[in-house]
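Since the structure comes first, as structure tokens, the remarks are kept for the end.
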Amino acid sequence: MRHPSRRTVVTGSVAVLALGAWPARAETTTITLLLTSDYDRLDEANGVDGQARGGLARLAAAVKSERQRNAATLLLHAGDAIPPSVLSSLDDGAHVIDVMNAIGFDAMVPGNHEFDYGLDAFQKRVAEARFPFIGANIRDGSGKPLRGLADYIEKEVGGVRLAVVGIASEATGTKSRAGDLVFGPSEATFARVAAERRAAGADLIVLLAHTDRSADSKLLDTRAAEIIFSGDDHELVLQYDGRSVFAESKTDGDYVVAIDLVINTAGQARERRISFVPRFRIIDTASVTPDQGIASRILTYQASLSLELEATVGTTQSDLDTREAVVRTRETVFGNLLADALRATTGADAALVNGGIIRGGRFYRAGTVLRYRDIVTELPYPNRVVLVELDGTHVRAALENGLSRYEDGSGRFPVISGLMVEADMTRPPGQRVLQLAYDGAPLAPDRKLKIATTDFMLMGGDGYKMLGEGTVLVDDKTGRTVAQQVIAHLRAAAAIAPAIDGRLKLKLG
């Protein structure tokens with residue numbers, strides 16, 4: 001079956017979505033909702049079962065099949081699509097929007113990573129998209145809706161009006177480079193917009209959110225939506241309490257959550273009643289043959305940049321482990337390489353970066369030849385290296401912040417060079433650093449050091465607000481990206497042999 005043409009109109013803070021020609025009223029209507037979110041790659045990858053799954057080509061094939069099955073299908077993205085792919089570090093994610101346009105998304109809520117290349121780049125991507133970005137709690141510095149960003153979309157099928165409201169994480173401003181944007185209270189904003197849409201005649205409310213599990217729970221407690229789709233937690237979740245559906249779809253298109261809403265209408269005017277029955281399906285994209293048109297489009301982008309990506313930058317003489325569970329919980333060889341590179345290339349006394357900047361999730365054996373592709377895969381964000389002068393009190397406060405959410409595996413976990421730290425993780429957050437030394441001696445509260453860090457952290461990202469209280473010596477307008485600094489360090493050394501040297505000792509129990 002050929003799916004009907006789509007027309008999307010964005011007006012003010014609402015996008016109205018028309019999907020084909022439908023009868024004015026129907027007793028029973030089925031709407032299919034598809035959810036995907038949180039992409040770190042465009043390509044498929046092999047899972048632990050040896051099966052290839054995920055990637056946008058397999059997603060596209062799954063979506064095409066669903067639309068052939070039911071033309072009344074909405075494809076929704078719960079955020080984090082643009083970076084961190086390897087190619088996005090070279091074109092600010094423009095190719096991702098091009099591929100998403102070809103697939104035919106119906107709406108997307110911005111995740112924090114949509115702002116990693118800055119507000120200007122985000123607005124360029126929004127302008128290029130042929131689908132609406134929605135975020136009811138996102139406003140500019142003057143409190144006005146952001147140009148091109150809708151609060152919600154509405155769709156009418158068989159006499160049933162569906163409203164999809166977008167809500168972004170309140171923490172987006174501290175987790176990305178979102179400029180002066182304000183991310184307002186999620187529950188209050190959603191409850192208000194949902195109530196407005198019901199008063200205007202919406203029969204069913206769908207919340208499309210990019211929020212963590214704690215915020216998800218509070219949004220669910222508003223009881224303002226029949227369906228809640230969320231991203232950010234990187235989990236495959238499907239819950240139904242008989243009244244509201246909650247779903248997440250893991251990452252990278254490995255799985256697609258599909259919900260068929262069988263909607264019944266009865267009565268007229270004030271006597272009109274709407275009821276629905278959800279039918280749940282989880283599509284494992286390992287069972288899907290990739291869409292060749294999308295696969296070809298991705299290959300074209302990859303080929304155009306392959307020479308630059310395949311350039312050799314050095315050889316490691318040590319094993320390197322960049323898995324998330326490792327780089328966010330302990331001193332690591334790759335973390336030491338990263339921090340040492342920033343310290344060396346800037347001439348800083350010490351370096352402090354967040355473990356969450358490392359994203360490759362790989363293991364490199366000693367003797368591996370490292371390519372440009374490997375480094376931008378590990379460090380895909382466009383964060384620029386800055387140099388700030390801080391006293392010992394602020395350095396200690398920064399380290400306490402970095403260790404404050406250790407139990408959560410938070411990306412704020414500190415990666416350091418030039419410092420020696422001992423900490424007791426059984427102590428309360430804010431009281432964990434036992435020893436802090438520089439150049440073989442305890443760091444005095446008034447001793448000033450030049451610290452290499454990132455613009456993201458300097459602006460308060462991941463809770464590092466204290467870094468902004470220092471004197472900035474090199475700002476984000478003159479500093480190079482983290483990946484560029486590491487590549488320069490590797491090329492200068494040709495062969496490197498980083499090691500665990502005890503610079504960060506943690507007592508766990």
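Every value quoted in this text rests on a predicted model; they were computed, and no experiment measured them. The first residue of the sequence shown is numbered 1, and numbering continues consecutively from there.
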* Is the shortest side-chain N to carboxylate O distance from R197 to E226 below 4.0 Å? -> no
* To do: Would you confirm whether E114, through its side chain, and G79, through its main-chain N or O, come within 3.5 Å as a donor-acceptor pair?
  => no
* To do: Please check if the side chain of E324 supplies one atom and the backbone of G361 the other of a donor-acceptor pair under 3.5 Å.
  => no
* Looking only at non-hydrogen atoms, find the nearest pair between R223 and S244 and report the distance. => NH1-OG, 3.3 Å
* Could you tell me whether a side-chain N or O of D38 sits under 3.5 Å from a main-chain N or O of T251, the two making a donor and an acceptor? => no
* **Polar side-chain atom of D43 near backbone of G55 as donor-acceptor pair, under 3.5 Å** => no
* Asked: Looking at side-chain heavy atoms only, is the closest gap between F183 and P110 below 4.5 Å?
  -> no
* To do: Indicate yes or no for a side-chain donor-acceptor contact from D455 to the backbone of R384 under 3.5 Å, with no hydrogens or angles considered.
  => yes
* Hey, does R371 have a side-chain heavy atom less than 4.5 Å from the side chain of L309? -> no
* Asked: Short question: side chain of S404, backbone of P429 - any donor-acceptor pair under 3.5 Å?
  -> no
* What's the spacing between D80 CG and D232 CG if we round to 0.5 Å? -> 6.5 Å
* **Under 3.5 Å side-chain donor-acceptor pair for T211 and D216** => yes
* Taking NZ, NE, NH1 and NH2 as the nitrogens, is one of them in K218 or D221 under 4.0 Å from a carboxylate oxygen of the other? -> no
* Asked: If you round to the nearest 0.5 Å, how far is CD of E469 from CG of D391?
  -> 9.5 Å
* To do: First locate atom CG of L59, then atom CE of M100, and finally report the distance between them rounded to the nearest 0.5 Å.
  => 9.0 Å
* Asked: Between atom CG of L419 and atom CZ of R396, what is the distance when rounded to the nearest 0.5 Å?
  -> 11.0 Å
* Output yes when a side-chain donor or acceptor of D408 lies under 3.5 Å from a complementary backbone atom of S410, and no otherwise. => no
* To do: Would you mind reporting whether K448 and T471 have side-chain heavy atoms less than 4.5 Å apart?
  => no
* Please report the closest heavy-atom contact between M425 and L508, naming both atoms and the distance. => CG-CD2, 3.7 Å
* Just wondering, are more than 12 heavy atoms of other shown residues or ligands nearer than 6.0 Å to CZ in R323? -> no
* **Gap between atom CG of L338 and atom CG of N354 - 0.5 Å precision** => 9.0 Å
* Asked: Do D321 and F334 have side-chain heavy atoms sitting under 4.5 Å apart?
  -> no
* When you check the gap from the basic side-chain N to the acidic O, do K124 and E128 get nearer than 4.0 Å? -> no
* Specify the closest pair of heavy atoms between L342 and A452, including all atoms of both residues, with the distance to one decimal. => O-CB, 3.9 Å
* Asked: Is there side-chain contact between V388 and T453, with at least one heavy-atom pair below 4.5 Å?
  -> yes
* **Residue that, paired with H77, satisfies ring pair (Phe, Tyr, Trp, His ring centres under 6.0 Å) out of F133, F131, F105** => F105
* Can you tell if the side chain of V165 reaches within under 4.5 Å of the side chain of I134, non-hydrogen atoms only? -> no
* Asked: Without hydrogens or angle criteria, can the side chains of D98 and Y301 be said to hold a donor-acceptor pair below 3.5 Å?
  -> yes
* To do: May I ask you to decide whether E400 forms a salt bridge with R432, counting only side-chain N to carboxylate O separations under 4.0 Å?
  => no
* **Charged N-O contact under 4.0 Å between R41 and D254** => yes
* To the nearest 0.5 angstrom, please state how far the CD1 atom of I487 sits from the CD atom of Q485. => 10.5 Å
* Any luck finding a side-chain donor-acceptor pair between Y364 and E378 under 3.5 Å? -> yes
* To do: Say whether, by atom type as modelled, one donor and one acceptor occur between the side chain of N137 and the main chain of I167 under 3.5 angstrom.
  => no
* Do K507 and L434 have side chains that get closer than 4.5 Å, going by heavy atoms? -> no
* To do: Salt-bridge test for R343 and D340: reply yes if a basic N is under 4.0 Å from a carboxylate O, no otherwise.
  => no
* For the pair T316 (side chain) and S318 (backbone), establish whether a donor and an acceptor sit closer than 3.5 Å, ignoring hydrogens and angles. => yes
* Asked: Does some side-chain heavy atom of T172 sit less than 4.5 Å from a side-chain heavy atom of I138?
  -> no
* **R147 (side chain) donor-acceptor with Q123 (main chain) under 3.5 angstrom** => no
